[in-house]
2 protein chains.
Amino acid sequence: MPKTSVDPPGRRAPRRREGAFGTTMADVGREAGVSAQTVSRALRDPDSVTPETLRLIQEAVRKTNYVQNFAASHLASNRSMMVAAIIPTISASVFAETIQGLADALSPQGYQIFLGGSDYRLDREEALVRSFLGRRPDGFFVVGTRHTRPAAALLRRAGIPVVEGWEWSAQPIDMLVGFSNRAAIARVVAHLVEHGRRRLVFAGVLRPGDPRAAERRDGFVEAVAARFPDETPRLAIVDGSPLAMHTGVEVLELARRRFPDADALVFSSDLIASGALLACQRLGIRVPDDLAITGFGNYEIAAELTPALTTIAVPTRRIGSEAGRLLVAAMRGETVAQGRVDVGFELMVRESS
Amino acid sequence: MPKTSVDPPGRRAPRRREGAFGTTMADVGREAGVSAQTVSRALRDPDSVTPETLRLIQEAVRKTNYVQNFAASHLASNRSMMVAAIIPTISASVFAETIQGLADALSPQGYQIFLGGSDYRLDREEALVRSFLGRRPDGFFVVGTRHTRPAAALLRRAGIPVVEGWEWSAQPIDMLVGFSNRAAIARVVAHLVEHGRRRLVFAGVLRPGDPRAAERRDGFVEAVAARFPDETPRLAIVDGSPLAMHTGVEVLELARRRFPDADALVFSSDLIASGALLACQRLGIRVPDDLAITGFGNYEIAAELTPALTTIAVPTRRIGSEAGRLLVAAMRGETVAQGRVDVGFELMVRESS
DNA sequence: CTGTTAGCGCATTCAT
DNA sequence: ATGAATGCGCTAACAG
């Protein structure tokens, strides 16, 4: 091995990558006959170089199979072009829709999304926040406005735009895109009472990490108390069961056992409302004649059932796209005039009520 | 401003980060009275430093609110601790389950997941592959074995473990975790024929980017041809409609119009089978007396319907966890003995057939 | 429009 | 067990 120069002390063999993507901008530049810096510029802003230079570089990129290394780009520019997103669970279609909306708004701007599911647990959310911040995202989206104190502190200190979603809050960490779960249930209660229902039962699954469901319960209690001040609000709530269709049967039975005279069941989710509605067919309970049933979320199944399910439609996708819009603006350094967006909701009156 | 040293020419102000996470390992080390390297070691392997040193460092981390920068770590170590995953759509619960399984296997090992949805389009998949490889993931998971030529080439050249999932293929790019969609449908056909059905119709939604649905159709054609060599296989397929419950009604009507004497409908997905089954109630079609109906996927709704839906259960979550297991082993540099895992499927016989 | 220089924050390598 | 030097691949800042 020829050694043409004397290495200074402490000099070692270079750590150059062996892998397939060992080619760097310098390699591309060498191939194209320009400097690495020009390659960098050409890739980020093609108009900043001569058309001829651009052509040479593009050709060199192709020839060398070059794939840009974003980690290095991130380190040098202090921009990761990533947005972190935390949702309660990946397998709930409503949150998946929100993420779809987020992606629709962010992808065209070149941002990638880092997704995590907290499994409805604030401690896991905190762990995710901590771990995600290590990747230095340029923005953060999180479902919910309730967080552990350290998680909120981390997000506040991160120095990046943060959007909370799916709820309404007086004191968001930064920006907010949501709606009032309370008001939505109040709307359901108003609808039922207007149609002659008198003995309403709130039927739901409540878990510690799901403040949105708790808000719906509170909204129910408030709305019923306002109309029937002398009555105790009727609640049929389970808290150990999963938020799934078959739990609807369980909640239905609980409600009927505890309140045999009920004439309307206000479910906290379409998922359990659907399970209950299908069970009613088997049990011979006539809906809406014997019992009105309402859901929440306007899931795909709601419109397909017989009778079709009355429910609250939430613009889940729009929550994501609005959040993305706000994040993009803020990440660009623009001052966001209105950082709180109420996307509202819509009562879908169908046959079940 | 005191200037105690003469700057060499070309010297500029440092680019040190201003943001909240400006603290580096050097800052932590200074606070703890050790070098940055010791901090680095302590964070990665707490046993490699003195308990006392560890304590000092942990305290310093807390005091300075230090959050490790993974981008720098990645660049220096050439390990990103990320796995990229591409699925057809985020909002399909079956794929969400697979991702959940993947996360279950990878998170404990410290890997984070980069998720993308191709929207059932191979060109978008290629774009995602390209963009994801720029992040230099340590492993790659992708649903499907069909890819554009450049996408497959990129994955092959990437020099990282790749797992394809949800199908079966003779020539995977690298590793494979799936099952035979053909065999699954053949199993359904066998079941129906054994129970006296003679005029089977394949009812489905086919889209260019969904080879799994196409496999199911092909499996149907093969199985029927093997049993009734003289007949032309009956197909009721729509290709412009979304894969949604309400499309089931459309497919049902098409099948009945085209094959009025059909005695069994083999749907390509529980989603459309459920929509069709619910429509049958409204239309007065008795299931299974007039018509047997089968689905695919064993979605949550399948067991809740009346009659409950006969379907193929796919271990969706296990596809993800097995993929994660294989990736972890390969990323550790272990030689994976069996890189092809057939997770199989199960016929769930219920009331609808 | 293009090249040069320095450094982003960390892990690796070697020395102690 | 700990420290010092070096470079990962890229972009910012500046010079020409």
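Both backbone and side-chain heavy atoms feed into the values below; hydrogens, waters and symmetry mates do not. Here is how names work: the chains are called A, B, and so on, in the same order as the sequence lines, proteins then strands, and each is numbered from 1.
- Checked by atom type, the side-chain pair B:T64/B:E31 shows no donor-acceptor distance below 3.5 Å.
- Ring geometry, B:W166 versus B:F95: the interplanar angle exceeds 60°, so the pair is classed perpendicular (tilted spans 30 to 60°).
- Residue B:Y66 has its side chain nearest to C:dC10 when only D:dT2, D:dG9, C:dC10 are considered.
- Side chains of A:Q112 and B:S131: a donor-acceptor N/O pair is present below 3.5 angstrom, by distance only.
- In this structure, A:E52 places its CD atom where more than 12 heavy-atom neighbours from other residues, nucleotides or ligands lie under 6.0 Å away.
- For D:dA12, neither phosphate oxygen OP1 nor OP2 lies less than 4.0 angstrom from any side-chain nitrogen or oxygen of A:S77.
- Looking at the side chain of B:M25, the nearest of the listed nucleotides C:dT13, D:dT11, C:dC10 is C:dC10.
- Residue-environment remark: CD (A:E334) exceeds the threshold of 12 foreign heavy atoms within 6.0 Å.
- Between D:dT2, D:dT11, C:dA11, one nucleotide has an atom nearer to the side chain of A:Q68 than all others, and that is D:dT11.
- With sequence neighbours excluded, the residues forming a side chain to side chain contact (heavy atoms under 4.5 Å, CB included) with A:A32 are A:V34, A:L56, A:I57, A:A60, listed by chain and number.
- If you check residues 31-40 of chain A against DNA chain C, the residues with a heavy atom closer than 4.0 Å are A:V34, A:S35, A:Q37, A:T38, listed by number.
- Between the C1' atom of C:dC8 and the CZ atom of B:F70 lies a distance of 17 Å, rounded to the nearest Å.
- As a whole-Å value, the separation of A:R30 CZ from D:dC10 P is 12 Å.
- Side chain of A:T148 to backbone of A:A151: a donor-acceptor contact under 3.5 angstrom is found.
- Annotation: proximity of residues 127-140 of chain A to DNA chain D (heavy atom, distance under 4.0 Å) is found for no residue.
- Here B:T53 does not reach the OP1 or OP2 of D:dA1: none of its side-chain N or O atoms lies under 4.0 Å away.
- Residue A:S73 places at least one side-chain N or O under 4.0 Å from the OP1 or OP2 atom of D:dT11.
- Checking A:V49 against B:R44, the closest nucleotide of DNA chain C that is more toward the 5' end is the one next to A:V49.
- At a cut-off of 3.5 Å, with distance as the only test, a side-chain donor of B:S35 or B:Q37 sits close to an acceptor on the other residue.
- Taking the six-membered ring for Trp and thresholds of 30 and 60 degrees, A:F114 and B:F114 have ring planes more than 60 degrees apart, a perpendicular arrangement.
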